Amino acid sequence: MAALALIGKIGEHDGKEVELRGWLYNKRSSGRIHFLELRDGTGFIQCVVVKGEVPDEDFEAAGKLTQESSLRLTGIVRADARAKGGYEITVKSVMPFQVAQDYPITPKEHGIDFLMDNRHLWIRHKRQHALLSIRHEVIAAAQQYLNDNGFLRVDAPILTPAACEGTTTLFETEYFEEKAYLSQSGQLYNEADAMAFGKVYCFGPTFRAEKSKTRRHLIEFWMLEPEMAWCDQEENQRVQEELVSYIVAKVLEKRRAELAVIERDVTKLEDIKPPFPRLSYDDAIDILKGAGRDISWGDDFGAPDETLISERFTRPVFVTNYPTSMKAFYMQPEPGRPEVVKCADMLAPEGYGEIIGGSERIWDPALMEERMRQHNLSEEAYGWYMQLRKFGTVPHSGFGIGIERTVAWITGSEHIREMIPFPRLLYRLRP
RNA sequence: UCCUCGAUAGCUCAGCGGUAGAGCAACCGGCUGUUAACCGGUGGGUCGCAGGUUCGAAUCCUGCUCGGGGAGCCA
């Protein structure tokens, strides 16, 4: 009796007869021999059906299989130098489950609009399969690192009564008799959690109702946000560079095959180790001016600016001490330089730009009250947040890492929309 | 929201004032090592929508709709 096997671990069955269950990815045929390329969710493998070596009705059934038909088959696992994954299946029997009709994504090239309309099917294909497998590894590694380093996962609510940072536009929804908004960050709740548990993180989707239309924006994206009590900005950055290095190392360790499928230059990833270079906002402005950009102190970086800076480094770079005026109300001012705050954005190399934003938070109740007045934040909405500065306030810091941007960088992808199973983009809500 | 490019067969595109084309997919046939397999054949179209110019519009003009790329904002 043939043992049930997974393509991803087919090497464990070398020389043995196995049963595979999956879908037909592609078929090539030459009269007396069919090459069935089978996928089962864990991998892809070529199954060879030779006339005379299987029952005649099985050979005929194999010839009638169409792209994405579902089937089971049995055969002998055989190491073969001609095979892409190193193994092939010499088929003994073929059992079609359903012969698919007119599968839309054919083996030739397609436009992005068509592929996005067929996203529910596109995720079956090799490149998408590799990208989403790497996404899984990024998330798993990030949580592993935090769990191993004393962080507790304490998630933040998705439905919130008010903005966390005030600047970006929020999705509004009904909450019985009042208005609620979809979370754009778990930051403020994280600070409460850090005062309760010390080191915490939250992980979940966040929503920005910005009408952004670029290769690095999603309307709905996933963010991992650690927050640490008794932590200053230097320690905060140390955690960030260790976390990112750990993620990259885990992807290199566990997803070599997927990196090969998408033809990623892994030598660029093998150099990702702490420490990461630090660059002050002041110096970054000088570099941009030197490169001929029309920018002056106090301006935010545009996408071309971030690209220009990150292209100059082979590792992710921290840009530190941004002007107070362009950052969130809760950031701690730099001692002796109130015009800048203790913060850093981490820009991924190769031109990818920002993947992390982090800062030390204001702990002083008087300063926090002043900032909340300046930003017109109401006592009603932010009273609970203010209490964190009254009942045992401590220095604390944290950051948020954008999962899809991180995956885009690690996979060397052009566009962020393929880094999430079902992207929500400007003017695209389906499927 | 702004700038810019585009919409022709199921898909990717060519055709750019004179009767609608190719490759792939589908269907039929051939091929014992293919791997975006290949070779022969068949079917397949309200040229995004609405107006206009013209003897004649897929082709030129205007508006609309939908999409790509870029900007701003951000992770």
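Because the structure is a prediction, the values reported are computed rather than measured. Chain A is the first sequence line, chain B the second, and so forth, proteins listed ahead of strands; every chain is numbered from 1. Side-chain atoms are counted along with the backbone in the values below, which use heavy atoms only and exclude waters and symmetry mates.
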Treating primed atoms plus P, OP1 and OP2 as sugar-phosphate and everything else as base, which nucleotides of nucleotides 27-38 of chain B get B, S or - for protein heavy atoms under 4.0 Å? ----BBBBBBB-
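In this structure, A:His136 contributes its side chain and A:Leu132 its backbone to no donor-acceptor pair below 3.5 Å. A donor-acceptor pair under 3.5 Å is formed between the side chain of A:Asn321 and the backbone N or O of A:Val341.
At whole-Å resolution of the value, CZ in A:Arg430 and P in B:G67 are 11 Å apart. Rounded to whole angstrom, the span from the CZ atom of A:Arg216 across to the C1' atom of B:C74 amounts to 10 Å. Across the protein-nucleic acid pair, A:His110 atom NE2 and B:C11 atom P stand 10 Å apart, rounded to whole Å. Rounded to an integer number of Å, the gap from NZ of A:Lys211 to P of B:C74 is 18 Å. In this structure, A:Leu115 atom CG and B:G67 atom C1' are separated by 13 Å, rounded to whole Å. What separates CG of A:Leu121 from C1' of B:C11 is a distance of 14 Å, to the nearest Å.
Along RNA chain B, the nucleotide closest to A:Pro304 and the one closest to A:Leu218 are compared, and the more 5′ of them pairs with A:Pro304. Two residues, A:Ala303 and A:Thr106, neighbour RNA chain B, and the one matched to the more 5' nucleotide by heavy-atom proximity is A:Thr106.
Taking the C1' atom of each, B:C47 and B:A37 are spaced 33 Å apart, rounded to whole Å. Using atom C1' as the reference point in both B:U54 and B:C11, the two lie 35 Å apart (nearest Å).
Partner of A:Val49 under the side chain to side chain contact (heavy atoms under 4.5 Å, CB included) criterion, out of A:Leu36, A:Asp58, A:Leu73, A:Ile33: A:Leu36 alone.
Crowding of A:Asp294 atom CG: a count of heavy atoms from other residues, nucleotides or ligands under 6.0 Å not exceeding 12.
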